[in-house]
Amino acid sequence: MIRINGLKCFILSVYLQKLETIQIMIKNLVIVESPAKAKTIEKFLGKDFTVKSSFGHIRDLSKTQLGVDLLNNFQPTYEVPKDKTKMVSELKKLAKESETVWLATDEDREGEAISWHLYEALGLKKNKTHRIVFHEITKTAITEAIEKPRTIDMNIVNAQQARRVLDRLVGYELSPVLWRKVKPSLSAGRVQSVAVRLLVEREDEIKVFKSTSAFKVQAIFLVNENEKTTSFTAELPQRLKTKKEALAFLEKCIDAVFTVYDIEKTPFSKSPAPPFTTSTLQQEASRKLGFPVARTMQVAQQLYEAGYITYMRTDSVNLSNMALSMAKDEITNQFGSEYVKTRKYQTKSKGAQEAHEAIRPTYFNNQTIEGDGQNKKLYELIWKRAIASQMSDAKLERTTITIDISTTEEKFVSKGEKILFEGFLKVYIESKDDEDDESSEYLPSISKGDKLNLQEILAIQRFSQHPPRYTEASLVKKLEELGIGRPSTYAPTISTIQKREYVVKETRTGISRSFDQIVLKNNKIKEETKTEVFGTETNKLFPTDIGTVVTKFLIENFINILDYNFTANVEKEFDDVAQGLIQWNSMIAKFYAPFHETVEKTILHSEKASGERLLGQEPGTGTNMYAKIGRFGPIIQIGEKTDEIKPRFASMPKDQSIETITLEQALELFRLPRSLGNFEDLEMTVAVGRFGPYVKHDGKFFSLSKTDDPYEVSIERAIEIIQKKREGGETSNKTILKEFPENDDVKIMNGRYGAYLVYKKENYKIPKGVKAENLSLDACIKIIEDPESKSKKKKFTRKSK
DNA sequence: CAGTGAGCGAGCTTCCGCTTGACTT
């Protein structure tokens, strides 16, 4: 016994000793921002280095308070957010046990600030802390960085504090003004408000746009070539203003002789586009793959975490030397050395901070990857763009054929392009195959003086187009051009303005319109009127009534914040702070004094902004009817509020707007709620709520289906809906993946976030990597018993009452 | 969360930039 105990003691003491040695064994603790980056770097650095990540910022201003001391030089108060406390205390512990701490966050304003926050929050010691930076994740870059550490640059940190405090002051003072003057829960900010403004002003341009029409004239000629008849198209360079002019021109062409007057060949070359940044990736993925910007970022994040691509939130087009040589090798192997042209690109976008490389494949020899369709497609797009950026120019030749018309001075012109050397187009042409193959104009080999056979001449009425509405991606492009927002915020900004209901993303089909077409064929002129659908907008951003009213209110009262150059101007001052030329708090003071004065003035003197429009009078009573923004969104109001009269209200459906709704449409809305009669001695009423049309009975709600019209639905149908819902019981709208006959307390359900377990009305997470369908009852019970898998119920933050 | 449309009143909403999971029917 004693011996056994002794052995146990011995083992225990060895174990404890080992634990101790492990604890003091951390020589170097390196902290970066992203866990994926930490993993890569750890491999380069070897066992003397432990690499951890901060998961971005670790401290911020309070969410519920201003967090800026207005009476004390705008001194910010930072706190560690709840979801970061655990991670921060772990880092703190590790830092204490380490000989040296290396702060290796990004080399930009935010990165410098993260390092400073780490230094403060972890209580680091000056003599054992180093600040290092690298722009590319390669072994040489990292070892070089370690050889020249520096200290935290407080000027840059202060520039970040200025940025943070300014955004907080603007956002947290402007938003409450909107709550009072427009509608509660709205928001305003340096970035989002300008984004909405762009959409509102584009909509205004479209409203005042007057479409004009002119006739485009096209001739199709037939040519005999290698004993085959081919055709090609030529166009009149100028458009004809009226139908009369078009007719007169075609009449002149009757019996005319068409001769090749001139053939001109001009060589030119095309260069590839630089590799992707966040913004250009979002644009291309939207155009070529139809991805919304949020999806592009989700997929890119997965590619990054899997190690397939470099960091996806970047404003830089720069490639590391290692990447350049890998690309060169890959191009040489695949296409030959004549296709190689190593290029260094310069970032042109305003306010770029270039802490990272451009977005590129980690290894260029992976032309494709394993994974689902979306991941594969996005990866291949990134690969092609990066590879093409390192390839030689394409050499092309443009041919212009001018065709003489014997009966008039005008001449037809035909243009075509021929590729002499593909260069980078080799990579793009391959990708074009699966798209609709828009064959570039083919020009037959003809010579000067040749007579041409006319097949027909077509004069088609064409209309000028209004400026295009923004897509998510084109809005990002515009914001980037203005220097507003950062790679990490483009996608969130787009979703914020939609969440606030300033903007909706929609596909709206155009309207049909008629146009004239005149054809000359076989020396006969034929006139036709045709119809086409024009102006269809697919997945475009449209400003809502709320967005429009809020923007006009902000422009009227806070034009300097809504100014397209506001960000660019303050950025210049942030730069001055970063260089130590000015103090950050005096910069903020200069901004804040007049800004705050305007806020106060607006609260006191400005009228409520509701976008109110008088629609007309209610038939019968002659009472005024208005469309406006109410406390909960757009409404129709009948009558003004006085001491005696309470006006009547109805919410406007989402597809109608204050500006276009008619009196008749508005009156329709007051037919609801509508009583349907009794069922089981209780009244049924039909109305439209937040989740669409419903029947209310006995205090319960029953949704109408999409095919039911709330204005027309019958009493029989309503009863049917109620009974159907009752039969369906509780689980009607949940999908059960698997049940166990031997234990009906346990169920595997399929929810919005994937499969989960239900046991006696409690939910449990299924561990990652486990196929839910294959789980046995025993396995399920094991999961249920594991305290880790119990899903934490989120505290309901909304206060009752 | 299936109404409401004010303001004596209770209490709340909100910004921009860094980062990933956790979220739950």
Looking at [X], I'd like to know whether one of its side-chain N or O atoms comes within less than 4.0 Å of OP1 or OP2 on [N].
X      : N      : result
A:T489 : B:dG17 : yes
A:Q160 : B:dG17 : no
A:S187 : B:dC15 : yes
A:R59  : B:dT19 : no
A:S34  : B:dT20 : yes

Check your understanding: Considering only heavy atoms and no angle criterion, is a donor-acceptor pair shorter than 3.5 Å present between the side chain of A:R163 and the base of B:dC16?
Key ->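 Donor-acceptor pair under 3.5 Å: yes.
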Point to revise | Side-chain-base donor-acceptor pair under 3.5 Å for A:R631 and B:dG7 | key: yes
Revision key, fill the gap. Pairs under 3.5 Å (Watson-Crick or G-U), crossing ones as [ ], inter-strand ones as |: DNA chain B comes out as .........................
Check your understanding: Heavy-atom distance under 4.5 Å between the side chains of A:Y490 and A:L475, does that happen here?
Key ->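 Side chain of A:Y490 against side chain of A:L475, heavy atoms only: no contact under 4.5 Å found.
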With a 3.5 Å cut-off and no angle check, do the side chains of [X] and [Y] form a donor-acceptor pair?
X      : Y      : result
A:E354 : A:H135 : no
A:Y78  : A:Q161 : yes
A:E683 : A:S675 : yes

Mind calculating the distance between [atom1] ([X]) and [atom2] ([N]) to the nearest angstrom?
X      : N      : atom1 : atom2 : value
A:I156 : B:dC18 : CD1   : P     : 14 Å
A:L672 : B:dT4  : CG    : P     : 13 Å
A:I484 : B:dC16 : CD1   : C1'   : 13 Å
A:L169 : B:dT14 : CG    : P     : 18 Å
A:L479 : B:dG17 : CG    : C1'   : 15 Å
A:L554 : B:dC15 : CG    : P     : 13 Å
A:F632 : B:dA2  : CZ    : C1'   : 13 Å
A:Q353 : B:dC18 : CD    : P     : 7 Å

**Study point:** For A:R671, all residues meeting salt bridge (charged side-chain N to carboxylate O under 4.0 Å, His left out), sequence neighbours excluded
**Key:**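 If we apply the salt bridge (charged side-chain N to carboxylate O under 4.0 Å, His left out) test to A:R671, skipping adjacent residues, the hits are A:E668.
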Practice item. Kindly write out the residues that satisfy salt bridge (charged side-chain N to carboxylate O under 4.0 Å, His left out) with A:E112, not counting sequence neighbours, or none if the list is empty. Key: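 Residues passing salt bridge (charged side-chain N to carboxylate O under 4.0 Å, His left out) with A:E112: A:R131, A:R150.
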Exercise for review: Mind listing the residues from residues 174-186 of chain A sitting with a heavy atom below 4.0 Å of DNA chain B? Number order is fine.
Suggested key: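 Nucleic-acid contacts, sorted: A:S175, A:P176, A:W179, A:P184, A:S185, A:L186.
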Review point. Between residues 306-315 of chain A and DNA chain B, which residues have a heavy-atom gap below 4.0 Å?
Key: A:Y311, A:R313
Revision key, fill the gap. Applied to residues 178-196 of chain A, the salt bridge (charged side-chain N to carboxylate O under 4.0 Å, His left out) test, sequence neighbours excluded, yields A:D167-A:R190
Could I get the full list of side chain to side chain donor-acceptor pair (under 3.5 Å) partners for [X], not counting sequence neighbours?
X      : value
A:E571 : A:R109
A:S657 : A:T660
A:Q302 : A:N375
A:R500 : A:S187

With [atom1] as the reference atom in both, quote the distance from [N] to [M] in angstrom, rounded to an integer.
N      : M      : atom1 : value
B:dA22 : B:dG17 : P     : 26 Å
B:dA6  : B:dG11 : C1'   : 16 Å
B:dA2  : B:dA10 : C1'   : 24 Å
B:dC1  : B:dT13 : P     : 15 Å

Check your understanding: Which sits closer to the 5' end of DNA chain B, A:L61 or A:I114, going by the nucleotide each is nearest to?
Key -> A:L61
Practice item. Between A:P693 and A:G56, just flag the one whose closest nucleotide in DNA chain B comes earlier from the 5' side. Key: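 The residue whose closest nucleotide sits nearer the 5' end is A:P693.
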By the 4.0 Å heavy-atom rule, please label [X] as base, sugar-phosphate, or nothing.
X      : answer
A:V170 : nothing
A:G111 : nothing
A:R648 : nothing
A:A188 : sugar-phosphate
A:S53  : nothing
A:T64  : base
A:D106 : sugar-phosphate
A:Y626 : nothing
A:Q192 : sugar-phosphate
A:S703 : base

Review point. Which value, rounded to the nearest 0.5 Å, describes the distance between A:T496 atom OG1 and A:Q498 atom CD?
Key: 9.5 Å
Check your understanding: So how far is it from A:K37 NZ to A:Y304 OH, rounded to the nearest 0.5 Å?
Key ->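 Atom-to-atom, A:K37:NZ and A:Y304:OH are 6.5 Å apart.
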Output the single nucleotide from [options] whose closest atom is nearest the side chain of [X].
X      : options                : answer
A:R486 : B:dG17, B:dT19, B:dT4  : B:dG17
A:K63  : B:dC15, B:dT20, B:dC16 : B:dC15
A:P35  : B:dC15, B:dT20, B:dC18 : B:dT20

Check your understanding: Under 5.5 Å between ring centres and under 30° between planes: does that hold for A:Y172 against the base of B:dT14?
Key -> yes
Please table the atom pairs, donor to acceptor, closer than 3.5 Å between any side-chain atom in residues 625-636 of chain A and protein atoms at least two apart or in another chain.
residue, atom, partner, partner atom, Å
A:Y626, OH, A:N624, ND2, 3.3
A:Y626, OH, A:E640, OE2, 2.2
A:K628, NZ, A:Q637, OE1, 2.9

Review point. Among all residues two or more places apart in sequence or in another chain, which pass the ring pair (Phe, Tyr, Trp, His ring centres under 6.0 Å) test with A:H57?
Key: none
